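Input: a single structure, listed below in structure tokens.
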Amino acid sequence: QVQLVESGGGSVQPGGSLLLSCRASTGINMNGAMAWFRQASGNEREAVAAIRPGAGSTRYADAVKGRFTISRDSAKTTVWLQMNSLKPEDSAMYFCAVAQIMNWQFVFTEGAYNYWGQGTPVTVSS
């Protein structure tokens, strides 16, 4: 079992920045995945960004490319999501997810992750 604890959500004005953190209770395998998903009210949960713990390969949703950056620590227990140039449409509950084994082609597939955090809210509003 892997427990995940997220932090860093909050309220910010458009154009602002937030840094989300997610700490895992154990290190994630090099060939696993660490990811951020989000779910806005009335919408389905969608993938935002993912990273391969070992190689550091990343993938971003088109909506956040160039504005968000995902990273992890060398111990592969913490994953961050630096969010810049935030827009109102970025408002959502953000969830951290990890998998100890991941076929990269499924890295944006919700069902490929078996461990989830409780979520941290992000509100972008003037």
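We count residues from 1, following the sequence as given. Nothing here was measured: the structure is a model prediction, and the numbers come from that model.
- Shortest non-hydrogen contact noted between I70 and W36 is CD1-CD1, 3.8 Å.
- In this structure, CE in M30 is found 9.5 Å from CZ in R52, a value given to the nearest 0.5 Å.
- Of the inter-residue distances, the one linking E46 atom CD with E110 atom CD reads 10.5 Å to the nearest 0.5 angstrom.
- Residue pairs meeting the side-chain hydrogen bond (donor to acceptor under 3.5 Å, both in side chains) criterion with at least one member in residues 79-95, sequence neighbours excluded, are S17-N84, S21-W80, R38-D90, R38-Y94, R67-D90, Q82-N84.
- Here the closest heavy-atom approach between residue Y60 and residue A49 is recorded as CD2-CB, 3.6 Å.
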Let's go through F68 and L86 carefully: what are the C-alpha distance in whole Å and the side-chain angles of both, what is the deciding distance for side chain to side chain contact (heavy atoms under 4.5 Å, CB included) to 0.1 Å, and is it a yes or a no? CA-CA 9 Å; F68 291 11; L86 281 161; 3.8 Å; yes

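- In this structure, CE on M93 lies 10.5 Å from CZ on R45, to the nearest 0.5 angstrom.
- Heavy atoms from other residues, nucleotides or ligands lying under 6.0 Å from CG of L19 number more than 12.
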Mind running side chain to side chain contact (heavy atoms under 4.5 Å, CB included) on I28 and V79 for me, showing each step along the way? CA-CA 10 Å; I28 306 305; V79 60; over 6 Å; no

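- Listed here is the closest heavy atom pair of Y115 and V2: CE2-N, 3.3 Å.
- A 4.5 Å side-chain heavy-atom check between N31 and M102 finds every atom pair outside the cut-off.
- Closest approach of T58 and W104 over heavy atoms only: C-CZ2, 3.9 Å.
- V122 and F95 fall into different hydrophobic clusters, where Ile, Leu, Val, Met, Phe, Trp and Tyr residues are linked whenever their side-chain heavy atoms come under 4.5 Å apart, directly or through other members.
- Of all non-hydrogen atoms in S126 and P14, the two that sit nearest each other are N-CD, 3.7 Å.
- With hydrogens and angles ignored, the 3.5 Å screen pairs no side-chain donor or acceptor of Q100 with any backbone N or O of G32.
- N29 contributes no side-chain N or O that, together with a main-chain N or O of I101, makes up a donor-acceptor pair within less than 3.5 Å.
- Distance alone, capped at 3.5 Å, is enough to place a donor-acceptor pair between the Y113 side chain and the V107 backbone.
- The two residues S7 and T120 have their closest heavy-atom pair at C-OG1, 4.3 Å.
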